[in-house]
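The analysis underlying the following values was restricted to heavy atoms, covering all of them including side chains, and did not include hydrogens, waters or symmetry mates. Keep in mind that what you see is a predicted model, and the values were worked out from it rather than measured.
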Amino acid sequence: MQHKEEIAKQLAKPTGLKKEEIETILEIPKSVELGDYAFPCFKLAGIMKKSPVEIAKNLASNIKLKSPISQIKAQGPYLNIFIDKKIFVEEVLNINKDYGRDNFGNKKKIVIDFSSPNIGKPMHIGHIRSTIIGDSLMRIYSYLGYEPFGINYMGDIGLHIGKLIVAWELWLNKDELKKDPVKELLRLYVKFCEKEKSQVQEGTDEQEFENNEWTNKAKEKLKLIEMGDEKAHKIWEEIRKASGKGFDRVYKMLNVEFNEVTGQSKFSEAGKEIVMNAAKKGIAKTDRETGAIYIEFDKLPKKFILRSNGTASYITQDIAAAVERNKKYKFEKMIYVTDYRQMMHFQQLFEIIKKFGYDFSDKCYHVPFGTVNFGNEIIASRAGKIVLLEDVLKKTVEKAKEEIKKRETKGDEEKIGVGAVKYIIIKNEPQKDVEFSWDQALSFEGNTGPYLQYSYARASSIINKAKKIARKIKIPKNLNEKEKELIKKILDFPKIVKEAAEKLNPSLIANYSFELSQAFNGFYTSCKVINPEEGKETEVFRLKLVDAFRTVLKNSLYLLGIEVMEEM
RNA sequence: GCACCCGUAGCUCAGCCCGGAUAGAGCACCAGCCUUCUAAGUUGGGGGUCCAAGGUUCAAAUCCUUGCGGGUGCGCCA
């Protein structure tokens, strides 16, 4: 806000401090009654050798009021400053549907790698965080004038594929596959893991899967794929298709889209080439005994980047994928949204890119997020102990349907149910673990998605009743506390969006949305909008205020991927 | 062992980056508010050694150090 600078300028003389210094000292009081800005006088107390209370008093009586300042009050050691309400009100009156949008991104490209599930396995509740956070970042960057590219980089190769091929050949039920490909694939995977586990000898903890008949079978299949075996490739393709169907259903429900859907396997060859080149140049080292290629770092543990049998591993592919994206998109930033267990992997990846002589490594970011815990249930796809994301969504949608019926209201059960799940996930600070439970998911009261949507619907209901909003609106003589609080919250929006982008943290927008809705509901209960006692002019103004609120809440929820409705 | 993250009300979380006014919400609990724009709402109440101990400061949940508790990583897995 420019007000801050202006206030600092005006305070410079009477306080004898520099403008810049005052700007850092100025703070925003906890409640609107205390003013719009506050200047704590402790620092001056040290300099002037007087009590801060006294200094505040003196300053309050000595400073001449000049726009934008309309009032100055001393309160204890604080100098509380009030800004001419006209300035706030005018800003609110000017709010239109693009409020908060900006084009300072200047169409610069941002690559966001998110969701990225493993094919063959179903998406469980743990996968949702990458998907939701990534999707929100896409929206935020686009809103600020960047050009984001969302990439779904699927785990389409690895030992789990080998396992599935073995299981597919032995136990596939084609009818079940048609009916529900996700469940059938899960059944196959679980059955394989049971067989595998039955071979494990007790007490051989670390090597439990070495020389395991079943694990070896899976490894063989994996090798067949690498060698281009036709039959293995055909099954691989089938698995890809079947699990793709399941993913598509989930993405459709979540209303998440990507610019590019690709897989790790596509980057194996290019990755090997890059690594071999680096080895030739001596940047990467070769293990003399085995022939495996690795990289050493100053502060990180060494990393193998090519197996001794010459096959690519995860990081081999990641290197090639990063290089290709840089070439293709010339990005300003590339963001990986994965859980924090991969933190070191990405540190190593970025270092390797730098060591290999590419100049984009400092444009790479990793957004690490914590795990999603589901009550006491342990999520392990091996054992089939899994809470399917699709089931969670279906269940919340079902609950929404019941609620609508119970209340005899309208509303879109899909938007409510899906919004509820998204909100639980995104309202948390990414790096913290999320506690997810049925109780929480199915609760639609308090700090929840439906509460936000409900606030929007209430506001919409007023607007729809009023039919039209006047163009010319007089600035009211007085504002009550609830109106002021709502106005100030509304005006915070652009700042919050930018902060969320800067910190790669959509939860800031989620928390803001909640506070904004609280401010509205407080206003709603104490201020009548249509036919208020205060008269027609108040009605006209409040209608516009309500309209501004719903515009901003809609935009704010849009950035989280949560949809609103006019009635619920 | 080394590294990273977390620790705030019974539970789930904001606040910490950038130190300031009585530490805030939601859930749960108790007591109110629907003949007035949607009660998925709202008003009030109880409930806190901000993990602990030191340090810096006029001022610490916030910054620094150490310790404790919990999670995670340190594979030729992905």
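Between the side chain of A:S313 and the base of B:C76 there is no donor-acceptor pair of N/O atoms closer than 3.5 Å. No hydrogens or angles were tested; on distance alone, nothing pairs the side chain of A:D156 with the base of B:A78 as donor and acceptor under 3.5 Å. Checked by distance alone, A:K503 brings a side-chain donor or acceptor within 3.5 Å of a matching partner on the base of B:C17.
Looking at A:P117, A:S136, A:S115 one by one, the single match for side-chain contact (heavy atoms from CB on, under 4.5 Å) with A:T131 turns out to be A:S115.
Look at CD1 on A:I315: it is 13 Å from C1' on B:C74, rounded to the nearest Å. Following rounding to the nearest Å, A:Q348 (CD) and B:G75 (P) show an atom-to-atom distance of 9 Å.
The same atom, C1', is picked in B:C18 and in B:C27; the two are 32 Å apart, to the nearest Å.
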Please list, for nucleotides 26-32 of chain B, all pairs of protein and nucleotide N/O atoms separated by less than 3.5 Å.
| unit_1 | atom_1 | unit_2 | atom_2 | d |
| --- | --- | --- | --- | --- |
| B:G26 | O2' | A:N447 | N | 3.0 |

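With sequence neighbours left out, A:R458 forms a salt bridge (charged side-chain N to carboxylate O under 4.0 Å, His left out) with no residue at all.
Classified by interplanar angle (parallel below 30°, tilted 30° to 60°, perpendicular above 60°), the ring pair A:H3/A:Y37 is perpendicular.
When ring centroids are compared, A:Y451 and A:F514 come within the 6.0 Å threshold.
OP1 or OP2 of B:U42 sits under 4.0 Å from a side-chain N or O of A:Y451.
In this structure, A:I530 reaches the bases: a heavy-atom distance under 4.0 Å links it to at least one base atom across the strands shown.
Classified by its glycosidic torsion, B:C34 falls in the syn category, the angle being within 90° of 0.
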### Message
I'd like to know whether A:Y314 forms a ring pair (Phe, Tyr, Trp, His ring centres under 6.0 Å) with A:H345, so could you lay out the CA-CA distance, the side-chain angles of the two residues, the decisive distance to 0.1 Å, and finally the verdict.
### Response
CA-CA 10 Å; A:Y314 184 44; A:H345 167 79; 4.8 Å; yes

